[in-house]
Number of protein chains: 2
Amino acid sequence: MIQSLNEHNREDLQEALGKGGQKLTPQREVVFAVLLAQRDHPTVDEVFNRARESMPGLSLATVYNCLETFVGCGLVRQVNHERESTRYCPNLAPHAHFRDKETGQVHDIELPPEVMKSLRSILPPGFDSEVIEISFLGRTKANDPLHSN
Amino acid sequence: MIQSLNEHNREDLQEALGKGGQKLTPQREVVFAVLLAQRDHPTVDEVFNRARESMPGLSLATVYNCLETFVGCGLVRQVNHERESTRYCPNLAPHAHFRDKETGQVHDIELPPEVMKSLRSILPPGFDSEVIEISFLGRTKANDPLHSN
DNA sequence: TTAAAGAGTTAGAATGAGTCTAAACTGCAA
DNA sequence: TTGCAGTTTAGACTCATTCTAACTCTTTAA
């Protein structure tokens, strides 16, 4: 069982929430701690189960609410693959997602600025994009622990 | 009302279905014709409603079945944006999708081979990708009719 | 020409992720 | 201390999709 934030992370959370006009609550703290503790792109259900270990009364609706709030404040990203359950990711650096066909695991893939640039360059004039989502589907041969997040 | 394929398209459909061990049926023909007639990335429901104009007895389940068959035979691609209804696209050339935040419309964006290559190059060793999905979210300023598919 | 088999279609029931609602709770401010 | 705005909660609800079982159609085999 994990589930308490160090000062640094708590301050970050509080600040980001504040900017979005939201408050730091015990539930939000626990949910955020869950996301930071295990960066494996959990589903809402997975977050719920992990968070309940340290806060048994927590409700599923609250987990949905917390995650939505975090997305609104730019603290986490939603990750969708086809129509599977939405997953959540606290990695704010620009990155793509690689989904292992066999294990279902999702891995972050760093996105160098020049690749972002070449992607933006394919948009015809008049197309103005705020968000670019890139996802790979395939297999990972070596189960390289360095890239298992 | 649209809904009959010219010889050429019917032959293509029949051939692709055959390769996947599937047959050409009247329902599949109508559903495929709907996809070709209006390349606006319709949802299953939209396909269903359009197809029923020429085949009133058609059932929703069949539309789901047909589209699944087409995807299996490589005839159409599924397009997912967040958790909205899946949309279908008969454009087989490599392309990304641009979703207009305001209208919800989906536009195809051509993907030059060098961009595909630079994307593949960001995968660390051991990551082997079969499918890459790229989607932009944003606004289209000029409603340029050349790019409205 | 019938019979059996196999594929495809159909309507409606079931599933399940996500959203909504209304009541209860919390913390701060008058 | 009362009020109230924001938050949490349980459970009902929605709706895209999947499942099921019956039915139809076509093909093959006797």
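Proteins come first, then strands; the chains are lettered A, B, ... in the order of their sequence lines, and each starts at number 1.
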5' to 3', nucleotides 2-8 of chain D under a 4.0 Å protein heavy-atom cut-off (B base, S sugar-phosphate only, - none) gives ----SSS
Could you tell me the separation between the CZ atom of B:Phe32 and the P atom of C:dG8, rounded to a whole number of Å?
17 Å
Identified side chain to side chain donor-acceptor pair (under 3.5 Å) partner of B:Arg99 from the options B:Glu84, B:Glu82, B:His81:
B:Glu84
Which residues within residues 75-90 of chain A lie with some heavy atom under 4.0 Å of an atom in DNA chain D?
A:Arg83
Give a yes or no on this: more than 12 heavy atoms of other residues, nucleotides or ligands lie within 6.0 Å of atom CD of B:Glu7.
no
Going by side chain to side chain donor-acceptor pair (under 3.5 Å), B:His41 matches just one of B:Asn91, B:Thr86, B:Asp108. Which one?
B:Asp108
Kindly assign one of parallel, tilted or perpendicular to the pair A:Phe136 and A:Phe98, based on the angle between their ring planes and the thresholds 30° and 60°.
parallel
Under 4.0 Å protein heavy-atom contact, by nucleotide of nucleotides 19-30 of chain C - B base, S sugar-phosphate only:
B-----------
Is B:Asp100 reaching over with its side chain to a backbone N or O of B:Arg139, donor-acceptor style, under 3.5 angstrom?
no
Pairs touching residues 61-71 of chain B that satisfy side-chain hydrogen bond (donor to acceptor under 3.5 Å, both in side chains), sequence neighbours left out:
B:Ser59-B:Thr62
Can you tell me how far P of C:dG8 sits from CD of B:Gln14, to the nearest Å?
13 Å
Residues sharing B:Leu92's hydrophobic cluster, by side-chain heavy-atom contacts under 4.5 Å among ILVMFWY, directly or via others?
none
Could you state the CE-C1' distance from B:Met55 to C:dG8, rounded to the nearest angstrom?
12 Å
Enumerate the side-chain hydrogen bond (donor to acceptor under 3.5 Å, both in side chains) contacts for residues 118-127 of chain A, please, sequence neighbours excluded, ordered by first and then second residue.
none
Can you check the B:Phe48 CZ to C:dA11 C1' distance for me, whole Å?
11 Å
Ring centers of A:Phe127, B:His107 separated by less than 6.0 Å
yes
Determine, for A:Phe48 and A:Arg52, whether the Lys NZ or Arg CZ falls below 6.0 Å from the six-membered ring centre while staying within 45 degrees of the axis.
yes
Is B:Arg87 salt-bridged to B:Asp45, cutoff N-O under 4.0 Å?
no
Check the distance between D:dC25's C1' and B:Leu24's CG and give it to me in whole angstrom.
14 Å
